[in-house]
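In what follows, chains carry the letters A, B, and so on, assigned in the order in which the sequence lines appear, proteins first and then strands, with residues in each chain numbered from 1.
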Amino acid sequence: MKKTLFIMLCLAAALPAAAASPQQILDAYAAEAKKANPAFKSFSAEKGRAFYVAKQGATGRAASCSTCHTEDPKAGGRHAKTGKDIRPLAPSANAERLSDAAKVEKWFGRNCNDVLGRACTAQEKGDFMSYLMSVR
Amino acid sequence: MTSESRAEVSRIRVWDAPTRLFHWSFAAAFAAAWASGESDRWRDVHVFAGYLILGLLAFRLLWGVAGSRHARFASFAFTWREARDYGLRALSRNAPRFVGHNPAGAWAIFAMLALAAVVSVSGILVLGGEEQQGALSGWGRIATGAMVKELHDGGASLWLLLICVHVGGVVWESLAHRENLARSMVTGYKQGPAAEAAPSFRWFSALALAAAIAAFAHWYFEGYEDRAPGRTYLPFIGRALPQSAAWNAECGSCHLAFHPSLLPARSWQALFAGQDKHFGEVLGLDGATTAELLGFATKTSADAGLSEASFKIARSVPEREAPVRITETGYWKKKHAAIPEATWRRPKVGSRANCAACHLDAERGAFEDAAMHIPD
């Protein structure tokens with residue numbers, strides 16, 4: 001009985017995580033950013049856009065997020081190393097995007113490491129997401 | 001049966017229309033199969049010709065009982081001794097003339113029909129075994145299929161030899177009896193006594209046979225009729241490789257989800273063990289996901305030999321090596337050795353690992369010969 005209840009609770013917790021709205025994921029990053037920096041107020045789509053196109057890659061790395069995702073998040077991109085097509089990042093062009101917290105976190109992990117050689121901060125992730133969500 | 005009696009000789013019906021249609025389609029199918037046999041690019045045509053030969057053979061067996069006079073097997077079922085005697089007399093140019101098939105010709109015909117059966121059935125077995133495709137897809141292992149291929153190739157060569165004998169005989173007899181035997185197989189008429197004439201040409205049956213051939217060709221090549229840039233080949237017929245949604249999701253976003261059948265199990269173990277240095281990427285998969293993916297990869301790895309490519313890749317990787325690149329296996333390197341360096345750098349290709357750029361069926365792990373297309 002206890003076990004079933006536990007499993008049901010787990011499922012209940014996992015379900016919204018698997019299919020969340022971009023806003024819910026953004027809110028989670030906001031909470032994280034606030035914890036890291038008590039002065040945190042809000043995310044900026046403007047800064048997110050600058051981050052998206054900024055050429056920050058060290059040698060041997062992808063130059064920027066837009067290297068693979070192109071300058072326009074509504075457009076399909078292409079993986080810089082393998083040549084594989086990448087579907088658009090903006091949720092307005094691809095409803096699957098930013099809808100799975102674990103997936104978003106996984107790709108921030110990989111791609112930030114790819115471009116910056118380090119993990120992104122919650123502030124950077126939130127700014128970036130805000131930019132993608134603002135693209136219509 | 002021997003003619004040239006004293007009776008009045010006139011232009012009579014001999015070969016009914018279905019027999020003539022059979023004869024020339026059979027010859028054309030053999031020629032097409034022979035011409036397309038070596039090249040992988042034309043395998044669709046080769047396989048089509050093979051099925052056509054089998055179908056025509058079935059028709060001929062039926063027509064050997066149901067056909068008109070000179071088409072019936074009973075009308076040219078001679079003994080070996082008769083055939084041999086006829087052959088010897090023909091060589092010394094004093095063989096009698098036959099309105100229907102002569103005894104030596106008859107033996108060549110039966111031998112060719114038997115070889116057609118051997119070659120077409122073994123062809124279907126090769127296709128089903130070595131390529132894991134076609135009507136008998138997956139009947140046996142790839143190595144068994146490769147063995148049957150010896151029979152298929154040997155039978156086809158013997159058949160070609162018999163065709164040469166047959167054509168030689170036709171030319172010889174035509175000269176000996178001053179008549180054009182090949183033309184009579186077109187028109188159906190020969191010179192002979194009215195008593196030996198076939199009652200009719202059976203046009204209706206010929207029409208039905210022609211319609212059946214056309215319908216089969218249409219059905220078979222339909223895939224080419226709605227040809228599009230991404231679909232320039234016939235869809236794969238046969239057993240599809242096992243797929244895993246998790247594999248396609250986790251391994252198919254940065255590049256093609258390389259099918260596990262393209263590397264041996266030990267390579268996949270090495271790849272997952274090194275997933276934090278995955279060609280400059282950090283995969284960072286959790287334990288459960290890793291176990292699931294590795295389980296699928298081990299089960300369907302090249303060691304299981306589920307496709308021609310996987311069988312040959314497994315064979316080309318030395319026992320103690322575990323390459324983590326498909327593009328470093330011996331078979332892959334051999335198959336792509338002829339592609340110039342500049343081709344790999346074309347914008348639409350970019351990397352050797354971009355299999356889908358040239359293999360339209362790479363997603364399914366099939367790598368069919370007909371689905372190859374190097375982009376410009």
Side-chain angles (χ1 to χ4, degrees), chain A residues 7 10-11 13-14 17-19 56-70 73 75-90 93-120 125 132, chain B residues 229-230 245-259 262 271 274-290 292-293 324-327 336 339 342-360 362-363 365 373-376:
Chain A
I7 290 172
C10 280
L11 277 178
Q56 38 208 344
T59 40
R61 297 184 182 282
S64 69
C65 309
S66 56
T67 308
C68 293
H69 294 297
T70 76
R78 192 160 188 265
H79 196 286
K81 279 190 225 162
T82 66
K84 169 121 174 31
D85 289 338
I86 302 175
R87 282 164 295 133
L89 266 197
N94 177 359
E96 278 172 40
R97 291 297 182 207
L98 311 182
S99 63
D100 175 342
K103 186 174 178 196
V104 172
E105 185 59 19
K106 180 171 79 186
W107 284 106
F108 272 133
R110 287 174 179 166
N111 291 342
C112 292
N113 181 61
D114 233 12
V115 176
L116 309 171
R118 61 165 173 84
C120 288
K125 292 178 194 171
L132 292 186
Chain B
W247 179 274
N248 291 344
E250 292 296 347
C251 307
S253 36
C254 291
H255 46 62
L256 171 79
F258 305 112
H259 197 273
L262 297 171
L271 187 138
Q275 60 163 289
D276 288 332
K277 287 197 201 76
H278 183 78
F279 307 98
E281 305 280 333
V282 180
L283 296 188
L285 301 166
D286 61 45
T289 312
T290 303
E292 182 188 354
L293 298 180
V324 289
R325 274 190 186 272
I326 301 155
T327 52
H336 299 84
I339 297 176
T343 305
W344 300 112
R345 284 198 300 267
R346 286 185 192 163
K348 281 185 188 147
V349 180
S351 159
R352 283 174 163 71
N354 192 4
C355 320
C358 307
H359 297 279
L360 306 176
E363 309 253 328
H373 171 75
I374 297 184
D376 24 56

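In this structure, chain B has no heavy atom under 4.5 Å from any part of A:Lys103. Heavy-atom distances place the side chain of A:Arg78, and not its backbone, under 4.5 Å from chain B.
Counting all heavy atoms, side chain and backbone alike, A:Lys84 lies closest to B:Gly252 at CE-O, 3.1 Å. Shown here for A:Asp114 and B:Gly280, the closest heavy-atom pair between the two residues is OD1-O, 4.0 Å.
Residue B:Asp286 holds its CG atom at 9.0 Å from NZ of A:Lys106, rounded to the nearest 0.5 Å. Expressed to the nearest 0.5 Å, how far CD1 of A:Ile86 lies from SG of B:Cys254 amounts to 7.0 Å.
The local environment of CD in B:Glu363 is sparse, with at most 12 non-hydrogen atoms from other residues, nucleotides or ligands closer than 6.0 Å.
Proximity of B:Leu283 to A:Arg110: side-chain heavy atoms (C-beta onward) are separated by under 4.5 Å at one or more points.
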